[in-house]
2 protein chains.
Amino acid sequence: MFDRIQTPAVLVDIDVAKRNIERFQTYADSHGLKVRPHIKTHKLPAIAEMQLDAGAVGITCQKVSEAEAMVAGSGRLNDVLITYNILGDDKLHALVALAGKVKLAVVADNMTVIDGLSAAFAAAGATLNVFVECNTGADRCGVGTTEEAAALAVRIHAAPGLRFAGLMTYPPVGGAAKVQAFMTEAKALIEARGIAVPAISSGGTPDMMKAHLAPIATEFRPGTYVYNDRSLVARDVASWDDCALTVLATVVSVPASNRAIIDAGSKTLTSDLLGLVGHGHVLGRPDISIDQLSEEHGRLRCQSDINLTVGQRIRIVPNHACVVTNMVDGVYVYGKDKAPELWPVPARGKIV
Amino acid sequence: MFDRIQTPAVLVDIDVAKRNIERFQTYADSHGLKVRPHIKTHKLPAIAEMQLDAGAVGITCQKVSEAEAMVAGSGRLNDVLITYNILGDDKLHALVALAGKVKLAVVADNMTVIDGLSAAFAAAGATLNVFVECNTGADRCGVGTTEEAAALAVRIHAAPGLRFAGLMTYPPVGGAAKVQAFMTEAKALIEARGIAVPAISSGGTPDMMKAHLAPIATEFRPGTYVYNDRSLVARDVASWDDCALTVLATVVSVPASNRAIIDAGSKTLTSDLLGLVGHGHVLGRPDISIDQLSEEHGRLRCQSDINLTVGQRIRIVPNHACVVTNMVDGVYVYGKDKAPELWPVPARGKIV
């Protein structure tokens with residue numbers, strides 16, 4: 001099926017992706033939770049449309065240019081949340097333009113960001129929905145206390161050009177109880193100031209099937225769930241059969257009986273470890289470890305005879321699917337009834 | 001100088017790059033060593049031309065598509081070594097076409113690769129230069145014994161469409177003595193079979209100023225030396241002032257007194273560690289560590305007050321320069337007499 005594809009290449013089983021999308025949507029529907037998938041995993045407007053078709057309310061992007069690429073690639077992506085503190089005139093102008101095309105929201109965790117958003121949108125006579133980002137233990141962005149969350153909500157509520165949209169968090173794995181406690185308290189504090197909290201947004205694929213443990217959340221932003229990867233199999237939340245994204249590689253050298261070299265290195269698989277040992281899982285060969293990557297070589301090791309030949313092709317489930325789709329201009333999409341087809345990845349490399 | 005550049009962005013100081021190029025060329029010239037820089041670091045035809053201008057005999061590429069992009073980008077890159085085992089009809093056809101445009105050489109460490117190259121070039125009535133890749137301790141590709149090297153040299157020498165070009169290795173750091181010993185013995189074995197060894201090619205920036213410790217080598221392939229990076233400063237072979245490539249980033253959040261978040265994550269800095277702790281060096285702030293990357297966020301930590309404000313810009317020397325230029329469609333090139341200018345990176349993402 002993949003004989004005519006040059007390696008290394010990124011393959012996507014569209015049937016598996018569809019099944020993954022539907023599985024979480026069914027769960028979320030049963031708990032009255034809205035789904036707003038993070039497109040960072042696939043970066044493909046067509047898959048975002050599949051997510052909408054399954055019942056998603058909109059999409060999540062991480063950067064302004066990423067949102068622009070997704071919106072430009074589909075007339076149907078008209079509800080976008082950018083989960084990022086946005087700063088700087090160029091990005092603010094782009095944001096104002098984007099808000100003229102779609103229902104748009106962003107997040108903020110500090111006054112400087114809020115003031116910049118307000119100045120840009122008030123000057124344009126436009127209105128932007130702004131969530132307050134809260135830190136529920138991941139220690140990345142987000143205010144650390146419910147009092148700060150309330151103070152920022154008040155600031156947004158009062159700011160010309162802005163509308164307070166609610167609370168947002170990206171919790172650590174196992175963080176549902178913290179999300180529930182923080183958000184319940186923050187919501188009460190904000191409502192006590194006479195401001196409604198229209199939405200509470202949480203996310204993270206590893207815990208997505210436990211989202212009901214934080215019932216205060218009204219929407220959930222899973223990303224990796226659409227493809228899954230070795231990190232999620234290691235966490236027991238997916239099986240190898242649930243992994244829609246694989247890397248096709250060719251054995252280019254078997255320099256020792258227990259070692260082989262493939263033509264996929266860190267420029268395809270990336271160096272992301274996500275706490276794992278090794279750089280991916282060779283399908284059908286659990287006895288092999290990928291113990292070293294250089295940019296264009298991957299080294300495979302085996303305790304016994306590796307039993308691979310030069311020219312042979314293998315398929316690898318990478319540690320982290322999202323970063324792999326950022327390495328290639330196109331992915332080969334295939335399915336039960338679909339021969340592999342090269343799809344460009346419009347939101348690849350959109351870092352600003 | 002960089003105020004109008006959206007972040008994150010990759011900056012290249014062209015004066016520093018030029019100085020780095022000239023420094024190694026001077027050393028190599030003084031030892032009668034030819035220089036064949038690996039373009040994987042910059043991926044820019046214009047910088048490859050600077051390397052030729054300084055005295056390089058040609059360039060090194062790792063993949064066929066990378067070589068195609070470089071040759072297409074400059075009429076002057078007419079001597080190319082691809083240090084890779086090349087397999088598969090599509091790549092072999094591309095190789096034949098490329099050999100019609102430039103002086104071309106590749107490497108091989110097994111019979112399957114040699115037979116494929118021979119079939120393609122003999123069928124096209126063309127000739128390809130082929131080096132034997134030798135393993136001198138890095139345990140990636142390469143034959144492990146001098147007898148195997150000699151056997152492959154004989155095979156190449158006898159193969160229609162191929163010309164034996166010599167021996168090639170990518171040694172581990174500190175491997176000069178092993179290179180000298182292996183290559184001396186392999187050369188003697190091959191010459192004893194009546195076959196000349198026209199060239200012996202070694203490489204690796206960390207040990208480039210010790211290349212004279214393996215005087216059997218006739219050419220050297222440094223890559224990272226043009227930009228340098230945190231890994232080379234850690235090895236004491238470059239200073240921060242020698243680092244031509246930096247990542248410009250903006251502080252987007254200061255959620256705690258000892259923590260700040262920047263808008264550059266693994267999609268810009270990459271997760272390459274190269275044995276280091278942390279993900280880059282903040283220029284002028286040796287007290288800060290970049291302790292965590294997610295795709296679009298970098299987390300900065302400090303033992304005491306981090307003393308950064310939202311909106312402030314910082315510059316980071318990444319752990320590994322080569323992989324960073326693969327993440328962006330363009331880099332901002334600037335110098336003493338040159339305002340920053342966006343240069344596309346034609347050989348980015350060329351993995352096949």
Side-chain angles (χ1 to χ4, degrees), chain A residues 4 6-9 40 62-63 65-66 84-88 90-91 109-113 116 133 135 139-144 250-256 259 261 263-268 270-273 292 294-297 299 309-311 322-323 326-329 348-352, chain B residues 4 6-9 40 62-63 65-66 84-88 90-91 109-113 116 133 135 139-144 250-256 259 261 263-268 270-273 292 294-297 299 309-311 322-323 326-329 348-352:
Chain A
R4 304 182 59 150
Q6 283 201 63
T7 62
K40 72 184 185 111
Q62 203 70 333
K63 291 288 180 85
S65 58
E66 196 174 47
Y84 215 82
N85 280 328
I86 294 160
L87 288 160
D90 291 326
K91 292 190 177 85
D109 76 353
N110 64 74
M111 302 288 191
T112 308
V113 167
E133 179 162 1
N135 178 13
D139 288 350
R140 199 169 69 179
C141 288
V143 295
T250 300
V251 175
V252 297
S253 181
V254 186
R259 184 171 96 235
I261 308 293
D263 60 358
S266 68
K267 280 174 66 179
T268 307
T270 87
S271 296
D272 269 26
L273 289 172
Q292 189 184 77
S294 43
E295 282 147 83
E296 302 286 11
H297 298 87
R299 186 169 73 184
T309 55
V310 172
C322 315
V323 291
N326 193 51
M327 306 309 279
V328 290
D329 294 323
R348 180 208 61 74
K350 301 301 184 191
I351 55 175
V352 297
Chain B
R4 304 182 58 150
Q6 284 202 62
T7 62
K40 74 184 184 112
Q62 203 70 334
K63 290 289 181 83
S65 58
E66 194 174 49
Y84 215 82
N85 280 328
I86 294 159
L87 287 160
D90 290 325
K91 292 192 179 85
D109 75 354
N110 64 74
M111 302 288 192
T112 307
V113 166
E133 180 163 0
N135 178 13
D139 288 351
R140 200 169 69 178
C141 288
V143 294
T250 300
V251 175
V252 296
S253 181
V254 186
R259 183 170 97 236
I261 308 293
D263 60 358
S266 69
K267 280 174 67 180
T268 307
T270 86
S271 296
D272 270 27
L273 288 173
Q292 188 184 77
S294 43
E295 283 146 83
E296 302 285 12
H297 297 88
R299 186 170 71 183
T309 55
V310 172
C322 314
V323 292
N326 193 51
M327 306 309 280
V328 290
D329 294 323
R348 180 207 61 75
K350 301 300 183 190
I351 56 176
V352 297

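Below, chain A is the first sequence line, B the second, and so on; all start at residue 1. Please read all numbers here as calculations on a predicted model, not as lab measurements.
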Report which part of [X] has an atom under 4.5 Å of a heavy atom belonging to chain A: side chain, backbone, both, or neither.
X         : answer
Ser266(B) : side chain
Lys267(B) : both
Ile261(B) : side chain
Asp272(B) : both
Glu66(B)  : side chain
Arg299(B) : side chain

Problem set entry | Leading residue by heavy atom contact count with chain A [cutoff under 4.5 Å; candidates Val143(B), Ile86(B), Asp263(B)] |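 The option with the most such pairs is Asp263(B).
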Seminar exercise, completed: With chain A, the option among Ser294(B), Gly142(B), Cys141(B), Pro255(B) that has the most non-hydrogen atom pairs under 4.5 Å is Cys141(B)
Backbone N/O of [Y] and side chain of [X]: donor-acceptor pair under 3.5 Å:
X         : Y         : answer
Asn110(B) : Val252(A) : yes
Arg259(B) : Asp139(A) : yes
Lys350(A) : Gln62(A)  : no

Problem set entry | Contacts of Asp109(A) that satisfy side chain to side chain donor-acceptor pair (under 3.5 Å) - sequence neighbours left out | Asn85(A), Ser253(B)
Problem set entry | Qualifying residues under salt bridge (charged side-chain N to carboxylate O under 4.0 Å, His left out), relative to Lys40(A), sequence neighbours excluded |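 Once residues adjacent in sequence are excluded, the partners of Lys40(A) under the salt bridge (charged side-chain N to carboxylate O under 4.0 Å, His left out) criterion are Glu295(B).
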